[in-house]
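Have a look at the structure below before the remarks.
Just so it is clear, the values below take in all heavy atoms, side chains as well, and ignore hydrogens, waters and symmetry mates. What you see is a predicted model, and the numbers here were worked out from it, not measured in a lab.
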Amino acid sequence: MPSDISLFVLCEIMLPSEISDDELAELVNSYSGTADDGAKVSFEFGRVTEWSPWGGDVAYRIEAWAEYSSNASTPDIDAAAESILASEFRLGKGTMTVRNVKYGGRSYGPAGDAVTVEKRISNQGNSLVVCITKEAMAMGLGRGDRVRITIERCPGCGR
């Protein structure tokens, strides 16, 4: 007998920038897919925000409730959360990944509130630019979020 677990999730959907509002509305109504472990996952989407267009695609952050259904007789919350986080779901013209899962006051997802990366500074007009897009996305950060940036020279990194 399948076991079901209801989880609150924060999803990120990457879609081509030419998607219409109607296509987006249809897409974010509800969605059912299969996790990497073969379990069925149904999403009921809530609040949608556009948060970081780049490279011809648009990223949307969406809050949702997910129903995870597996054939296991005893539901394993940890396994369900890890499976949903590890899966990538196809949505029409785009892809969806889950960045954060919450269940009973516990949060699964990127560890910690900080990330350390070594990046190269580039110029864009008169501005210096450091892109940490993937790392910020992994932390669940998006447009409008406040962050503290510290810049230090990497010892031995050179140019």
Side-chain angles (χ1 to χ4, degrees), residues 7-37 41-66 68 77-78 80-159:
L7 306 154
F8 180 77
V9 297
L10 177 63
C11 306
E12 292 174 359
I13 298 180
M14 291 294 298
L15 298 168
S17 56
E18 67 270 4
I19 193 165
S20 72
D21 289 341
D22 290 341
E23 288 175 305
L24 178 64
E26 183 180 316
L27 207 62
V28 298
N29 186 17
S30 64
Y31 170 77
S32 294
T34 305
D36 287 352
D37 66 356
V41 184
S42 300
F43 296 91
E44 289 297 325
F45 298 115
R47 189 170 58 111
V48 178
T49 55
E50 180 180 324
W51 61 281
S52 184
W54 73 88
D57 290 337
V58 180
Y60 294 91
R61 180 181 282 177
I62 302 176
E63 295 173 351
W65 284 98
Y68 175 91
I77 292 22
D78 293 336
E82 292 303 318
S83 175
I84 291 172
L85 286 166
S87 301
E88 184 174 272
F89 303 94
R90 294 285 312 152
L91 283 120
K93 296 179 179 178
T95 59
M96 177 178 73
T97 55
V98 175
R99 292 292 178 206
N100 192 285
V101 174
K102 292 184 180 180
Y103 181 86
R106 185 163 177 202
S107 184
Y108 300 83
D113 292 330
V115 63
T116 301
V117 294
E118 293 181 8
K119 298 287 184 170
R120 188 170 303 277
I121 295 175
S122 62
N123 266 5
Q124 196 167 34
N126 292 333
S127 300
L128 297 178
V129 178
V130 178
C131 294
I132 58 164
T133 305
K134 289 181 209 166
E135 293 81 6
M137 283 177 33
M139 293 176 68
L141 294 171
R143 179 172 288 165
D145 290 342
R146 294 181 56 96
V147 297
R148 175 172 291 136
I149 306 295
T150 303
I151 298 175
E152 62 184 57
R153 184 178 301 276
C154 296
C157 290
R159 291 188 169 236

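A donor-acceptor contact under 3.5 angstrom links the side chains of Y68 and D37, judged on distance only.
What you find for V41 and A35 is that their closest heavy atoms are CG2-CB, 3.9 Å. Of all the heavy atoms in I77 and Y103, the pair that sits closest is CG1-CE2, 3.5 Å. Of all the heavy atoms in L85 and N100, the pair that sits closest is CD2-N, 3.9 Å. The two residues V101 and V9 make their nearest non-hydrogen contact at CG2-CG1, 3.8 Å.
Atoms CE and OG, from M96 and S87 in turn, are 9.5 Å apart once rounded to the nearest 0.5 Å. Here the CD1 atom belonging to I84 is positioned 12.5 Å from the OG1 atom belonging to T97, to the nearest 0.5 angstrom.
With a 4.5 Å cut-off on side-chain heavy atoms, E63 and F8 count as touching. N123 is not listed as a side-chain neighbour of V129, based on a closest heavy-atom distance of 4.5 Å or more. No side-chain heavy atom of I62 sits less than 4.5 Å from a side-chain heavy atom of F43.
In this structure a side-chain-to-backbone donor-acceptor pair under 3.5 Å is present from Y31 to R90.
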